[in-house]
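This report refers to the structure that appears directly beneath it.
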Amino acid sequence: MKDAYFPQEIEKKWQKIWEEKGAFKTTDTSDKPKYYALSMFPYPSGKLHMGHVRNYTITDVIARFKKMNGYNVLHPMGWDSFGLPAENAAMKHGANPETWTDENIAYMTKQLKMLGLSYDWDREVTTCKPDYYKWTQWLFLQLYKKGLAYKKEAAVNWCEECGTVLANEQVIDGKCWRCDHVVEKKYLSQWFLKITDYAEVLLEDLDKLSGWGDNVKTMQANWIGKSEGAIFKFKVVENDLEVPVYTTRPDTVHGITYLVVAPEYKDIEKLTTPENKEAVEAYRANARKMTEIERLSTDRVKTGVPLGTHCINPFTGEKFPLWTADYALVEYGTGAVMAVPAHDTRDFDFAKKYNLPIKIVIIPDDKKDDKDLPSCPPDLLSSITEAYTEPGVLVNSNEFDGMNNEDAKKAITQKAVDGGFGEFKTQYRLRDWLVSRQRYWGAPIPVVYCDKCGIQPVPEDQLPVLLPKDVDFTVVGKSPITTSKTFVNTTCPCCGGPAKRETDTMDTFVCSSWYYLRYSDAKNDTMPFAKDKVNKWLPVDQYVGGIEHAILHLLYSRFFTKALRDLGLLDFDEPFKNLLTQGMVLKDGSKMSKSKGNTVDPDEIFENYGADTARLFILSDSPPARDFDWSDAGVEGCYKFLNRVWRLISSNAEYITVSPFTLHSSLKKENDDMVRLVHIAIKGITNDISNDFQFNTVISKYRELVNAIYDWRSKKSELDDEDKAVLSFAILTLIKLMSPVAVHLTEEAWHDLGGQGSIHDIEWPKWDENLAKASSITLVVQINGKLKDKIEADEGLSEDELKELALNSDKVKELISGKTIVKTIVVPKKLVNIVVK
RNA sequence: GCCCUGGUGGCGGAAUCGGUAGACGCGUCGGACUUAAAAUCCGGUUGGAGUUAAAUCCAGUGCCAGUUCAAGUCUGGCCCAGGGCACCA
């Protein structure tokens, strides 16, 4: 064994050997239980960044740990390779998106291999390749046949910078998720996936996901945004129209003093009187000009104009005016709101501004005997300074007076149901998923348009609909795909007449919503995956990735899994059993980014320190879920530690035997202690990995064990047979424990010490519970709960003996002299607390 | 405004059940080796009081209460930071 540690040399050597041997290939047939470890696959942007390194290292260590613990592990990798950056790069450099993507994949594959990741590359999936997107298209057609994919004209989010529409989930604070450009509303005919059909089950099943963090689950729940309430219909006085409203506060219906419709409300023109037309038109025009960001700003002063018409409240017979105001949103509920200024802060603000009446219908429980309140004298009404939104008791509400407002919600809605002017209604904030993109580099939506036959799906035997190559990427204002001379014109699969292909491609999130299923059967060319294989490997046992996908990818994938289950393609209903959302990699307190110039290039780390140092460091300083602050000194420290480990092994190599040996039961004291420390390390490290993958403490324990072995060794100048056996046991165990992290170093050491086969094929070490504890205990002695003394004691002492030991301590005697012992608490093997007065 | 997560030394962070607060590392200070440096090794490092040095004592896990023999850990109320949602009726 060499004296010095040369990571670059040994890493290259072993990577080559592993590749030649096919060391990490997974078989579908095995007696062992399955374990599916998965990292979120990357977009091939060009180079790995430290976030990737962290993500893939975490999953790799998990996969290796599970393999050593007897599981048949699936650990695949692939590429989320459709998307705008490739197209932009193509425009900029005059290249083809495919060439650019292929080059990036090749480079990043090399980097992944340099990191020593244990992937089964035979299962690699690349979403931009026809053998993959054929099945994305096929799945789209299955959803279409089930009515889960449909085309409709709607107000959609448009990003001018990217030249395409976006899904709601891709609009962050009114801006494009990718380029930060302000998003506009456009009225276009687009393809949608009907995720709203699954709103309820997507929400309900969050409860099943005990292996997911609450943060992600609540983010999804908020996004789905379920609320329960009622729809009430109000007859218009001036004509025979009805205006339905959605409310979560049916209990306040007697307090309505006006009604608001959104400026884009469909019947607004018919609801406007000729005298008010001019003002209403002007208001609507102004609303159209405003950006989403301006309009949705909650601190903006509310504005609106009256329409001139009125409605009748069926509960009271009262007549109240209709207004339009942009605080009503056309896309939520019915686009119209019943206004109860006394019990809604927004309505209150609006009523105050326009001097509309405020009618109290709920009062706090403790005021219900106050006789003045229910009659609501006008001076009281004008005196309230804010809306009362808390629970309470109904007043001014006819037969519902005195009823608790929660009960009233049901009772009042029931009255509307019975009277035929209302219904119970559950509302979700979630909208259908807009999947059309006016871009080239995506999976073509497999439909054609025929003047005679309308929308026609492409027959399955004609899939894939290939992306055309004769495309001009320099066009502005339209999708490059439309410049193809061969793509657009085709024949109708129904009548054989001339037809036009859909030129929109699919959102890349469609491709990434099912890739984890494809890994189970990546080479299948007759189906996206065989049912038995997908049912065997899925759900993913451990999914690891960034929190930025908490809604987007993770919600879409859950939807896909449920939809595909309903199509009979698979038999489970959640794709990811356990989810680890790793924190960001920071440098100097902020996220690494090119614009800030605080990035660290993984290649430089591999070159200067080796992959094992990179892997060790990225796991060392923070638990996986928390943000990780990169420090150059920290890398240096890890490199030094691996050198220290290397020296420990190489300087003792001559004494170490890999062949089985037994340690006798009665060892010398220091050897017994050493063996115990090894067992303590095995136990601690195993538990830390099993318990939420606390790799930072795992690495602390590596260091403790190494320090302990050095310490033990420094006290011996000559080694007898027993010493050699103890040393061999300690060092070989250390190598095994470190093998999932320092994958190359441990393989080299194992090999140099004469180990058979690969260290990565052996079993994880086991500990002996009797040995995984110190030979004696430290008895903590407290007086009134404060630490006063520590006494070394035998483990086997009884409670009385421990108590006696504590009371005989000189320190304790001194401290309790002249005081009365009230009581004594003994915690076996640990502590004695003497309570004195 | 609502929801989630977190708050422990100079820093990253440890601390199964309530039972020795600060493991391990970074940084730093001191020492050994060396002509010197690097590398390596050894030791100190929460704050304050105390001492030539020690011993020792006091305080201490965001704040305020509470439960308990004993609270970083449990309960109630707040404060702060990060993230998510939001004129969603």
Side-chain angles (χ1 to χ4, degrees), chain A residues 4 172-173 213-227 229 245-249 252 260 262 295-300 302 325-329 331-340 343-347 349-350 389 427-430 547-548 550-551 581 583 586 589 617 620-623 625-638 640-641 643-644 647 684 687-688 691 694 696-707 710 714 778-790 811 822-827 829-836:
Chain A
I172 313 291
D173 294 333
D214 282 342
N215 53 344
V216 179
K217 287 194 278 187
T218 38
M219 277 162 77
Q220 291 209 357
N222 286 342
W223 188 259
I224 294 166
K226 180 181 183 175
S227 72
V245 303
Y246 172 73
T247 180
T248 54
R249 295 298 305 274
T252 64
V260 179
R295 210 179 134 172
L296 295 178
S297 153
T298 47
D299 40 277
R300 210 176 108 241
K302 289 180 180 43
D326 60 11
Y327 81 90
L329 306 174
E331 65 267 32
Y332 187 75
T334 63
V337 190
M338 63 178 223
V340 185
H343 304 293
D344 181 280
T345 51
R346 294 153 303 181
D347 299 343
D349 292 345
F350 193 80
T389 57
Q427 187 76 36
Y428 300 91
R429 201 148 35 206
L430 183 70
I547 187 74
E548 67 275 14
I551 294 171
T581 47
L586 312 176
F617 176 57
S620 66
D621 264 8
S622 299
R626 265 203 244 175
D627 286 350
F628 175 88
D629 210 340
W630 183 274
S631 82
D632 295 335
V635 184
E636 195 71 40
C638 285
K640 284 181 186 172
F641 173 67
N643 273 284
R644 189 166 147 83
R647 279 195 307 276
N687 288 343
D688 284 355
N691 174 27
Q694 292 181 47
N696 55 329
T697 54
V698 168
I699 287 159
S700 299
K701 281 165 185 153
Y702 291 160
R703 292 178 186 272
E704 282 176 11
L705 181 57
V706 168
N707 291 346
Y710 264 111
S714 70
T778 305
L779 181 71
V780 172
V781 184
Q782 296 179 333
I783 292 175
N784 291 343
K786 298 212 170 195
L787 172 75
K788 293 296 168 188
D789 201 4
K790 295 177 197 179
K811 243 183 244 171
V822 182
K823 67 169 157 178
T824 310
I825 289 114
V826 182
V827 182
K829 297 179 187 179
K830 221 172 218 165
L831 168 146
V832 175
N833 186 13
I834 302 158
V835 186
V836 296

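First the proteins, then the strands, lettered A, B, ... as listed; each starts at 1. Everything numeric here is computed off the predicted structure, so don't read it as measured data. Because only heavy atoms are used, hydrogens play no part in the values below, and waters and symmetry mates are left out as well, while side chains stay in.
- For A/T247, whose side chain is taken as the heavy atoms from C-beta onward, the closest listed nucleotide among B/A14, B/A89, B/G84 is B/A89.
- As judged by a 4.0 angstrom heavy-atom cut-off over every strand, A/D629 is placed among residues making no nucleic acid contact.
- Between the CD atom of A/Q782 and the P atom of B/G19 there is a distance of 11 Å, given to the nearest Å.
- In this structure, the nucleotide among B/C88, B/C41, B/A89 sitting nearest to the side chain of A/R647 is B/C41.
- For B/C57, the paired nucleotide is B/G48, the pair qualifying as Watson-Crick or G-U wobble because both relevant distances are below 3.5 Å.
- Following rounding to the nearest Å, A/K701 (NZ) and B/G13 (C1') show an atom-to-atom distance of 13 Å.
- When the C1' atom of B/G83 is taken as reference, atom CG of A/D214 falls 14 Å away, rounded to whole Å.
- Residue A/K811 is classed as a sugar-phosphate contact, given heavy-atom separations below 4.0 Å to backbone atoms only.
- Distance CD/A/E704 to OG1/A/T697: 9.5 Å, rounded to 0.5 Å.
- Side-chain to base pairing of A/K823 with B/C69: no donor and acceptor N or O lie closer than 3.5 Å to each other.
- Look at the P atom in both B/U61 and B/G66: the space between them is 16 Å, to the nearest Å.
- Rounded to the nearest Å, the gap between the P atom of B/C3 and that of B/G77 is 12 Å.
- Closest approach to the A/L831 side chain among B/C88, B/C85, B/G19 is made by B/G19 (side chain taken as heavy atoms from C-beta onward).
- A straight line from CG of A/L430 to P of B/C88 spans 17 Å, rounded to a whole angstrom.
- Summarising the base pairing, B/C11 is matched to B/G25 through a Watson-Crick or G-U wobble pair whose two defining distances lie under 3.5 Å.
- The C1' atoms of B/A89 and B/A81 are separated by 32 Å, rounded to the nearest whole Å.
- Taking the charged nitrogens against the carboxylate oxygens, A/D688 and A/K701 do have a contact shorter than 4.0 Å, which makes a salt bridge.
- Within the 4.0 Å cut-off from OP1 or OP2 of B/A89, at least one side-chain nitrogen or oxygen of A/Y332 is found.
- Between A/K790 atom NZ and B/G19 atom C1' the separation is 13 Å, expressed in whole Å.
- Residue A/D344 holds its CG atom at 9.0 Å from CG of A/D349, rounded to the nearest 0.5 Å.
- Nearest nucleotide to the side chain of A/N222, out of B/G84, B/A89, B/U20: B/G84.
- At whole-Å resolution of the value, OH in A/Y702 and C1' in B/A23 are 17 Å apart.
- As judged by a 4.0 angstrom heavy-atom cut-off over every strand, A/Q694 is placed among residues touching the sugar-phosphate backbone only.
- Shown here, B/C2 forms a base pair with B/G84; the pair counts as Watson-Crick or G-U wobble because both key distances fall under 3.5 Å.
- Between the OG1 atom in A/T581 and the CG atom in A/N215 there is a gap of 5.0 Å [rounded to 0.5 Å].
- Taking the P atoms as reference points, B/U56 lies 15 Å from B/A21, given to the whole Å.
- As rounded to whole Å, 16 Å separates atom C1' of B/C58 from atom CD1 of A/I783.
- With a glycosidic angle no further than 90° from 0, B/G9 counts as syn.
- To the nearest 0.5 Å, atoms CD1 (A/I825) and CD (A/Q782) are separated by 9.0 Å.
- For B/U68, neither phosphate oxygen OP1 nor OP2 lies less than 4.0 angstrom from any side-chain nitrogen or oxygen of A/N833.
- Look at B/C4: its glycosidic torsion is beyond 90° from 0, and that puts it in the anti range.
- Distance check on atom P: B/G47 versus B/A23 gives 13 Å, rounded to whole Å.
- Judged by closest nucleotide on RNA chain B, A/I551 is the one of A/Y246 and A/I551 placed further toward the 5' end.
- For A/I825, counting side-chain heavy atoms from C-beta on, the closest listed nucleotide (B/C88, B/C41, B/C69) is B/C69.
- The nucleotide whose nearest atom lies closest to any side-chain atom of A/R626 is, among B/C87, B/G84, B/G13, B/G13.
- Look at B/C74: its Watson-Crick or wobble partner, with both distances under 3.5 angstrom, is B/G66.
- Proximity of A/N696 to the phosphate of B/A14: a side-chain N or O atom is located under 4.0 Å from OP1 or OP2.
- Side chain of A/P623, nearest nucleotide from B/G13, B/C87, B/G19: B/G13.
- Backbone-only engagement by A/S622 is indicated by non-hydrogen atom pairs under 4.0 Å involving sugar-phosphate atoms exclusively.
- Across all strands, A/N687 comes closer than 4.0 Å to no nucleic acid atom at all (heavy-atom distances).
- Among the atoms of the strands shown, only primed sugar atoms or phosphate atoms (P, OP1, OP2) are found under 4.0 Å from some heavy atom of A/V835.
- Nearest heavy-atom pair, A/Y332 versus A/S227, reported as atom, atom and distance to 0.1 Å: OH-OG, 3.3 Å.
- Atom OG1 in A/T248 sits 10.5 Å away from atom CD in A/Q427 (nearest 0.5 Å).
- Residue-level contact check: A/R703 touches the backbone only, with heavy atoms under 4.0 Å from sugar-phosphate atoms and none from bases.
- Taking the six-membered ring where the residue is Trp, the centroids of A/F617 and A/F628 are separated by under 6.0 Å.
- For A/R644, a side-chain nitrogen or oxygen approaches OP1 or OP2 of B/C41 to under 4.0 Å.
- Rounded to a whole angstrom, the distance from the C1' atom of B/G18 to that of B/G72 is 10 Å.
- For A/A633, counting side-chain heavy atoms from C-beta on, the closest listed nucleotide (B/C26, B/C3, B/C85) is B/C26.
- Of all non-hydrogen atoms in A/R429 and A/N222, the two that sit nearest each other are NH2-O, 3.0 Å.
- Nucleic acid contact class of A/K786 (heavy atoms, under 4.0 Å, all strands): sugar-phosphate only.
- As judged by a 4.0 angstrom heavy-atom cut-off over every strand, A/K217 is placed among residues making no nucleic acid contact.
- Here B/U40 sits opposite B/A32 as a Watson-Crick or G-U wobble pair (both hydrogen-bonding atom distances under 3.5 Å).
- Here the nucleotide nearest the side chain of A/K830, chosen from B/U20, B/G19, B/A89, is B/G19.
- Taking the nucleotide of RNA chain B with the nearest heavy atom to each of A/G634 and A/A336, the more 5' of the two is matched to A/G634.
- Residue A/I547 contributes atom CD1, which lies 12 Å from atom P of B/G83 at whole-angstrom precision.
- Relative to the side chain of A/S227, the nucleotides B/A89, B/G25, B/U20 differ in distance, and B/A89 lies closest.
- When the P atom is used for both B/C85 and B/G9, the distance is 32 Å, rounded to whole Å.
- Across every strand in view, B/A89 sits unpaired, with no contact that passes the Watson-Crick or G-U test at under 3.5 angstrom.
- B/G22 and B/A15 are spaced 9 Å apart, taking the C1' atom of each and rounding to whole Å.
- Between A/K788 and the choices A/N833, A/I834, A/I783, the side-chain contact (heavy atoms from CB on, under 4.5 Å) rule is met once, by A/I783.
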